[in-house]
Number of protein chains: 2
Amino acid sequence: MYIGELAKTCNVSIDTLRYYEKIGLIKNVPRDAGGRRVYGPSFVAWLNFIKVLKATGMPLKDMLAYAAHRQTGPSSNQDRCDLLQVHELRIKQTIIEQEGCLALVQDKISAYQSAIAKSTDIPISVCMTDHFNKRENK
Amino acid sequence: MYIGELAKTCNVSIDTLRYYEKIGLIKNVPRDAGGRRVYGPSFVAWLNFIKVLKATGMPLKDMLAYAAHRQTGPSSNQDRCDLLQVHELRIKQTIIEQEGCLALVQDKISAYQSAIAKSTDIPISVCMTDHFNKRENK
DNA sequence: GCTTGACCTGGAGCGCACTCCAGCACCTAC
DNA sequence: GTAGGTGCTGGAGTGCGCTCCAGGTCAAGC
């Protein structure tokens, strides 16, 4: 599989694939006689995992740490598992935060809907008090 | 309330507050005799709402559209409500996506845990097949 | 009246994650 | 044998959302 096909298969741009290789997120890509990159199924799997990490907000440099462990083989299984467990927690926190924000947005929508029904402006009371500092506790 | 106090109250930087004003996200800030910005409670409420929108991934230029409607008064209530309802949908989709990714990460963690127990590498089958294109349907 | 600290402005710089470009090589089909 | 498509490289450019800086003003406390 050449780079164009991988890009299509995984729905990322060719430039992104070369960029990921440049920064070390994708490694040891074999080349054909003409110097073109040839990707096997393991690259598809890895790239799909990168997409999961990316979709959950992991920065590329954190993925690089995970990728570095991958290079060292099974001996790094515990380290990789640890990294993923930390990330798992962050995802859970993100979901909780998003749910909280969703509720606030829905409150505001309701306020607008009743304001529209009454043809008035919305009351200041639904103009949001702080939602974050409670959690951040500072 | 001067800018330093607002920054502390809302847990954003002073530079960010001036930046938001520069791009038009915060408008009509009164000044005292010495030219310093003076913020009332409505600015705190607005800033907290901005933080909710930001936390849910709304780009600043979309907030600007909402802010522009706010300037026109109650006549834009329907427009503002529409914008929020579109955003509400996006938040819901984000939560669903995060939950899907969370499940995949958890699968991978489980795979690592059993691999660690057996002292082997993890099987290729849990090296991720595509999770996104199914949904994107292309 | 002087120091200190908070605030002001305009503009430059930064980190991230790409994205684009020029100029070139290779391979296949006609 | 040539046109078109796909690939290569190194490096520059982009958009976003801040963040920092220099050089200055203002107000309060000693």
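Just so we're on the same page: letters track the sequence lines, and every chain starts at 1.
- Between Glu21(A) and Arg31(A), at least one side-chain N (NZ, or NE/NH1/NH2) sits under 4.0 Å from a carboxylate O, which counts as a salt bridge.
- Side-chain nitrogen and oxygen atoms of Arg31(B) include at least one within less than 4.0 Å of the OP1 or OP2 phosphate oxygen of dT9(C).
- Scanning both residues, Tyr2(B) and Arg37(B), for their nearest heavy atoms gives CD2-O, 3.2 Å.
- Atoms CD1 (Ile3(A)) and P (dA25(C)) sit 19 Å apart, rounded to a whole Å.
- Separating the SG atom in Cys10(A) from the CH2 atom in Trp46(A) is a distance of 12.5 Å, to the nearest 0.5 Å.
- Linking ILVMFWY residues whenever their side-chain heavy atoms come closer than 4.5 Å, directly or via other members, places Leu64(B) and Met58(B) in the same cluster.
- Note on Ile14(A): only backbone sugar-phosphate atoms sit closer than 4.0 angstrom, heavy atoms only; bases stay farther off.
- Here the P atom of nucleotide dT19(C) and the CD1 atom of Ile23(A) are 13 Å apart, to the nearest Å.
- Look at CD on Glu5(A): it is 18 Å from P on dG5(D), rounded to the nearest Å.
- Rounded to whole Å, the distance from CE on Met1(A) to C1' on dT6(D) is 16 Å.
- Between the P atom of dC16(C) and the CE atom of Met63(A) lies a distance of 13 Å, rounded to the nearest Å.
- The two residues His69(B) and Ser76(B) have their closest heavy-atom pair at O-OG, 2.6 Å.
- Tyr39(A) has its OH atom 11 Å from the C1' atom of dG7(D), to the nearest Å.
- Between Tyr39(A) and Phe43(A), the ring planes lie perpendicular to each other; the angle is over 60°, past the 30° to 60° tilted range.
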Expected string for nucleotides 14-30 of chain D under the B/S/- scheme (protein heavy atoms, under 4.0 Å, primed atoms plus P, OP1, OP2 as sugar-phosphate) is --SBBBB-----SS---
